[in-house]
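Indexing begins at 1, ligand by ligand and atom by atom, following the structure's order. Just the heavy atoms: all of them, side chains too, but no hydrogens, waters or symmetry mates, feed the values below. Bear in mind the structure is a predicted one, so any value in this text is a computation, not a measurement.
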Amino acid sequence: MKILFLDQSGKPGGAELCLLDIAKPYRESCLVGMFADGEFRKLLERDRIPVEVLSDAPIDVQKESGLIQGISQMIRQLPLILKVSSYAKNHNLIYTNTQKSLVIGAIASLLSRRPLVYHLHDILSVEHFSRINRWIAVTLANRFASLVIANSESSRTAFIEAGGRVELVSVVYNGFDIEQYRSPLRSVPQVRQALGVEQKFVVGHFSRLSPWKGQHILIQALTQCSDDVVALFVGDALFGEQDYAQQLRNQVNELKLGDRVKFLGFQSDIISLMTACDLVAHTSTAPEPFGRVIVEAMLCGTPVVATAAGGAIELVQPAQTGWLTPPNDVPALATVINYCHAHPEQAKPIAQAAQLQARQRFNLEGVNRQIHELLEKVRNEE
Ligand code: UDP
């Protein structure tokens, strides 16, 4: 099957890392069209997936943008739309991976008469999207898409509540290459020594730096934990949230936690780092659409505490495969950290149960098979 994948971002966020895994089986005949250049292109090239940056004019519509801005952007993007529709004619279907690529892909699908698939990696809620942006996503999907793949039940429910057609949506969780997690590139002592945390209880936080990812909650929680509890923040301000990155550094200074907090920036060897942590904390203050880092921690066999909202609730069974705490609840997070620190023998079997379950539920082969069947159905219905 020849698929034209579309993604607006040059940066490797969760949606892009997920697409990387989905595109691999189609590498002989697919093309990933990006609307901006960046690290994501290099990851695609590393995996020998054909990629082309289709535009050098960034689409300047923010999640909270209004109608006028949206329309003027569409006029500017006419050359991109024409290019995408001419490429689409050489493919069996258009697979859009982000909201802006849905907008371009929908018009291109109309012009090229190719079926459209929308992989929904977002919860279309007020916390994340303006009313107009939610309306655009739902209206275009309802009118043009033959299939919407939601990355969790939570994303599916939000889509339907925003007016999305029930019969369009199938839930497919992200898949992970299980084998990679069995043999990290670096050993635990190697990583801990390099970071100077051999004797510490290490809480890892793996996410781009962004207010709703709640890094500040973990920093605050450290004040309620013993001095040998340290936090590693892995991830960068991918989408221009430099102010928040600075705020976090100020918070660390004000709380005099400089020797207990490390900011490692964007890292590619997540598996070695996660495996070397004693606990992985996910602290999003708004519902997480899926939460790749939660599954990754499980696959590494590291205990995980996540915020009880959105997709995280579908991933973690409290006290069986991890812990859930209410969003923004610093004492509750500190309680879980302190518990895992004091009772490693209790935390370990929970992490092992999570690892076993994650290997079954999120196996990439199974997930890719599921997606392939859905895409075949779309193709055959045309
Ligand atoms: N990630 C990474 N390097 C970093 C920080 C994060 O590769 O320095 C990865 C992380 O392992 C996960 C993804 O980025 O696979 C983030 O996905 P998630 O669903 O947790 O959040 P999103 O970015 O989609 O909101």
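The environment of CG in Asn380 is crowded: more than 12 heavy-atom neighbours from other residues, nucleotides or ligands sit within 6.0 Å.
Nearest non-hydrogen protein atom to atom 10 (C) of ligand 1 is Glu296 OE1, 3.4 Å. Shortest contact from atom 19 (O) of ligand 1 to any protein heavy atom: Arg292 N, 2.9 Å. Summary of contacts: the protein heavy atom closest to atom 21 (O) of ligand 1 is Lys213 NZ, 3.2 Å. When hydrogens are left out, the protein atom nearest atom 5 (C) of ligand 1 is Val234 O, 3.7 Å; that is the closest non-hydrogen contact. Counting protein heavy atoms only, atom 17 (O) of ligand 1 is closest to Gly14 CA, 3.4 Å.
Closest non-hydrogen pair, Thr98 versus Tyr118, comes out as O-CE1, 3.9 Å. Closest approach of Leu273 to Arg186, counting heavy atoms only: CG-NH2, 4.0 Å. When every heavy atom of Glu288 is checked against every heavy atom of Lys213, the shortest pair comes out as OE2-NZ, 2.9 Å. Among all heavy-atom pairs drawn from Asp21 and Asn368, the shortest one is O-ND2, 3.2 Å. A pairwise comparison of heavy atoms in Leu315 and Gln357 identifies O-OE1, 4.3 Å as the closest pair.
Side-chain atoms of Arg260 come within 3.5 Å of backbone N or O of Leu222 as a donor-acceptor pair. Although no hydrogens or angles enter the test, the distance criterion places no donor-acceptor pair under 3.5 Å between the side chain of Arg114 and the main chain of Leu93. The backbone N or O of Ile3 sits nowhere less than 3.5 Å from a side-chain atom of Asn92 that would complete a donor-acceptor pair.
For His121, no heavy-atom contact with ligand 1 is shorter than 4.0 Å. With a 4.0 Å heavy-atom cut-off, ligand 1 is reached by the side chain of Leu17 but not by its N, CA, C or O. Heavy atoms of Arg208 found under 4.0 angstrom from ligand 1 belong exclusively to the side chain. Only the side chain of Ile270 comes within 4.0 Å of ligand 1, counting heavy atoms alone; its backbone N, CA, C and O stay farther away.
Look at Met274 and you'll find every heavy atom at least 4.0 Å from all atoms of ligand 1. Residue contacts with ligand 1 do not include Phe290, since none of its heavy atoms lies under 4.0 Å from the ligand.
Remark: ligand 1 and Trp212 share no N or O pair separated by less than 3.5 Å (distance only, no angle test). Of the polar atoms of Gln267, at least one N or O is found under 3.5 Å from an N or O of ligand 1, judged by distance alone. Considering backbone and side-chain atoms alike, Ser207 places every N or O at 3.5 Å or more from each N or O of ligand 1. Taking distance alone, with nitrogen or oxygen atoms compared against 3.5 Å, Gly13 stays at or beyond that limit from ligand 1.
Under the 4.0 Å criterion applied to side-chain N and carboxylate O atoms, Asp47 and Lys24 are assigned as salt-bridge partners.
When each atom of ligand 1 is checked for a heavy atom of Phe266 under 4.0 Å away, the hits are 2 (C), 3 (N), 4 (C), 7 (O), 8 (O).
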